[in-house]
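Protein chains get the first letters and strands the later ones, always in sequence-line order, with residue 1 at the start of each. Small disclaimer: the values here were computed from a predicted structure and weren't measured.
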There are 2 protein chains.
Amino acid sequence: MDSQDNGSRSPRKARGRPRDWEDKTAQNTIKSLDRAMEVFEFLSERQGMALSTISDEMGQSPSTVYRVLVTLEGRGLVEFDAEEQLWHIGARAFTIGARFLRRTSLVDRARPVMRRLMEATGETANLGVEKEGQVLFLSQVETHANIRAFFPPGTLSAMHASGIGKALLAQMDEDRLSRRLEGGLQSFTPRTITDRIALQEDLARIRARGYSVDDEERNLGMRCIAAPVFDAAGEALAGISVSGPTSRVTADALDRLSRPVIEAARTLTEAIGGQVTRQP
Amino acid sequence: MDSQDNGSRSPRKARGRPRDWEDKTAQNTIKSLDRAMEVFEFLSERQGMALSTISDEMGQSPSTVYRVLVTLEGRGLVEFDAEEQLWHIGARAFTIGARFLRRTSLVDRARPVMRRLMEATGETANLGVEKEGQVLFLSQVETHANIRAFFPPGTLSAMHASGIGKALLAQMDEDRLSRRLEGGLQSFTPRTITDRIALQEDLARIRARGYSVDDEERNLGMRCIAAPVFDAAGEALAGISVSGPTSRVTADALDRLSRPVIEAARTLTEAIGGQVTRQP
DNA sequence: TTTGTATTTTTCATATTGTGAATTCGGATT
DNA sequence: AATCCGAATTCACAATATGAAAAATACAAA
């Protein structure tokens, strides 16, 4: 009877000291637990390790590492392959970790990242995914500037003439790419890339430098810089971008603007539990 | 010289004391770590809990729970929603847990097969294995349809009430089957098979036609068609399935849908170097 | 077979460090 | 303003995590 009020009293806003101070006195962490989690993380990075390998490379005593592993094994977070005498991440770790997704909506996670991106660059930040061969804009954070690129959420746009679209195309293998492009490349402005070869050269450049540029290819007077966001399987599932008038998004500004975009994409990738596996 | 020999010396069979005694002296676990992991698991079960809720329901002191959470937060295993002052499972827990899948290349190999299966049938494709007497869903490729069966990866489900589960059960010999079923057959819907004899008849039918059908046995309104995937030793180690609403997955559609499922299972079996040896 | 070597478990003495009661703190409620 | 509530912190104490070393085991070599 000390429990059934789970949420019924609806503590929408919590009382108590707010923990926004970030880290100030991060001295109230549990050291042994932290070290144990270090082992856990380390094991996840290179699975199938022997006890001695782990303890050697982590500089910890075998005894300690052993006890950590046995303890985690007891909860299924770690598994021991009795045949090969090697340690692995356990199935329960997968089950527990997967519950993270129940709460994670890409759009929610992206909002703070996009706000920071907008503040860092001063330009409107956008988030988009692929939807039936087109780019669907999901969300945006508008710049404070008076002249601004406006791209209402819900808009659909051709992939080959969009920063986010090209960032996503650049991550596709030859097979999927071909299917996306078999409808031909519609022209929107004089600068739209309509030639398949030219597009593939651009995609190669995008892969090499890590970001794409829409240089008035969809709307005259508007440039856009985008980078891909990856899911857990290492597939590009979204793109994040900044867009603005050519007057501010100049060739000189590319370097200054692209860095925060790439950084934002990386941050968002981490925030949704994604990782970059392939580098095509 | 303490690192680069990772596996090169090929200790196929390890030395040292073999740990097959199972648990005998399970007293060399770390108590505080075990308690901390208990908090971690508990949080994953009901996300979005306040500190006091956790400590109350677990019967632990708030201080301890707090420190555990802060420590795990430091590694991203747990997240704190500053707005609502609630604790959640973190992105890194997901990332680490997802690495469980890397242990075999099964998931990687399965992805293209599943994508093709989804496109051929129009329904969500799933991959699952047996884990401790239950079906663990590893991966899925979602359909584009608006009404879709949603079965998040990481979910555990009873074998006798799952398409993949029954496909795996159908490949077991009498001995293993008995052990799996000695816990009884829990009922989930009016259509769940709860009678041992009826189940064995269904398993015989599954073996005969090569695929299993979950006909609203776990969730009303949802049907599922599955087939087994075999490893090199000819043992069924996974199942591949499509699942969808009863409105689309009708009795008439069974033939049209089962063919691609069987084909996908065969393709995946080949892709992982497996083969079908026994036909029990 | 016997001996040697590598690796994993266990033991044990030690002090590091995790623990909960009590306190402080800051917002929410009145 | 005053009061209440739950989150964050402190502190004194002993529970318990720790690593060195020894034991146990399997494989390799002699």
Side-chain angles (χ1 to χ4, degrees), chain A residues 2 5-7 9-39 49-74 80-87, chain B residues 1-2 5-39 49-74 80-87:
Chain A
D2 49 37
D5 60 345
N6 50 329
R9 249 186 295 162
S10 73
R12 286 160 307 175
K13 280 292 181 180
R15 334 284 185 69
R17 168 174 293 194
R19 37 195 319 289
D20 43 1
W21 32 249
E22 277 310 321
D23 55 4
K24 268 186 184 172
T25 43
Q27 257 59 19
N28 42 8
T29 63
I30 302 174
K31 288 192 189 176
S32 72
L33 174 57
D34 197 56
R35 281 192 290 253
M37 292 299 97
E38 199 182 339
V39 172
M49 296 170 93
L51 170 63
S52 56
T53 312
I54 301 173
S55 64
D56 283 357
E57 298 199 17
M58 293 193 66
Q60 299 222 12
S61 89
S63 329
T64 302
V65 173
Y66 173 72
R67 278 181 299 240
V68 168
L69 291 173
V70 168
T71 306
L72 295 178
E73 184 191 27
F80 183 74
D81 185 326
E83 192 152 336
E84 302 207 319
Q85 301 274 116
L86 297 177
W87 295 89
Chain B
M1 56 184 43
D2 49 38
D5 60 345
N6 50 329
S8 63
R9 249 186 294 161
S10 74
R12 284 160 306 174
K13 279 293 180 178
R15 335 283 185 71
R17 169 174 294 195
R19 33 196 319 288
D20 44 1
W21 31 252
E22 275 313 317
D23 56 4
K24 268 185 184 172
T25 42
Q27 256 58 18
N28 42 7
T29 62
I30 302 173
K31 287 192 189 176
S32 72
L33 174 57
D34 197 56
R35 281 192 291 252
M37 292 299 95
E38 199 182 339
V39 172
M49 297 171 94
L51 171 63
S52 56
T53 311
I54 301 173
S55 63
D56 283 357
E57 299 201 16
M58 294 193 66
Q60 298 223 10
S61 90
S63 331
T64 302
V65 174
Y66 174 73
R67 279 180 298 239
V68 168
L69 291 173
V70 169
T71 306
L72 295 179
E73 185 191 26
F80 183 74
D81 185 325
E83 193 151 335
E84 302 208 317
Q85 300 274 116
L86 297 177
W87 295 89

Checklist line | Which residue lies more 5' along DNA chain C, comparing A:A50 with A:I30 via nearest heavy atoms | finding: A:A50

Next item on the list: Report yes or no: do B:S55 and B:S52 form a side-chain donor-acceptor pair below 3.5 Å?
Entry: no

Next item on the list: Please name the residue in the list A:V70, A:L72, A:V65 that meets the side chain to side chain contact (heavy atoms under 4.5 Å, CB included) test with A:V68.
Entry: A:L72

Margin query: With heavy-atom distances below 4.5 Å as the criterion, would you say the side chains of B:F80 and B:L69 are in contact?
Written below: no

Next item on the list: Scan A:S32 against the nucleic acid and name what it touches under 4.0 Å (heavy atoms): base, sugar-phosphate only, or nothing.
Entry: sugar-phosphate

Checklist line | Whole-Å distance separating the CZ atom of B:R67 from the C1' atom of D:dA17 | finding: 15 Å

Note to self: I need the OH-C1' distance between B:Y66 and D:dT9, as an integer number of Å.
What the structure shows: 8 Å

Notebook entry, point to check: 5'-most contact on DNA chain C: A:L51 or B:T64, nearest heavy atom basis?
Noted result: A:L51

Margin query: Between A:T71 and B:D34 (side chain of the first, backbone of the second, donor and acceptor by atom type, cut-off under 3.5 Å), is there such a pair?
Written below: no

Next item on the list: To the nearest Å, give me how far apart NZ (A:K31) and P (C:dT16) are.
Entry: 10 Å

Checklist line | Rounded distance (Å) that lies between atom P of D:dT18 and atom CD of A:E38 | finding: 12 Å

Check: Roughly, in whole Å, what's the span from CD1 in B:I54 to P in D:dA7?
Finding: 10 Å

Next item on the list: Consider the side chain of A:Q85, meaning its heavy atoms from C-beta on, and name the nucleotide among C:dT8, C:dT10, C:dG20 that approaches it most closely.
Entry: C:dT8

Notebook entry, point to check: Roughly how many Å is it from CD in A:E73 to P in C:dT8, rounded to a whole number?
Noted result: 14 Å

Note to self: Expressed as a whole number of angstroms, how long is the span from B:R35:CZ to C:dG18:P?
What the structure shows: 11 Å

Next item on the list: Kindly say whether, by distance alone, the side chain of B:S52 makes a donor-acceptor pair under 3.5 Å with the base of D:dA7?
Entry: no

Check: Within this structure, what is the CG-to-P distance between A:L69 and C:dT10, rounded to whole angstrom?
Finding: 14 Å

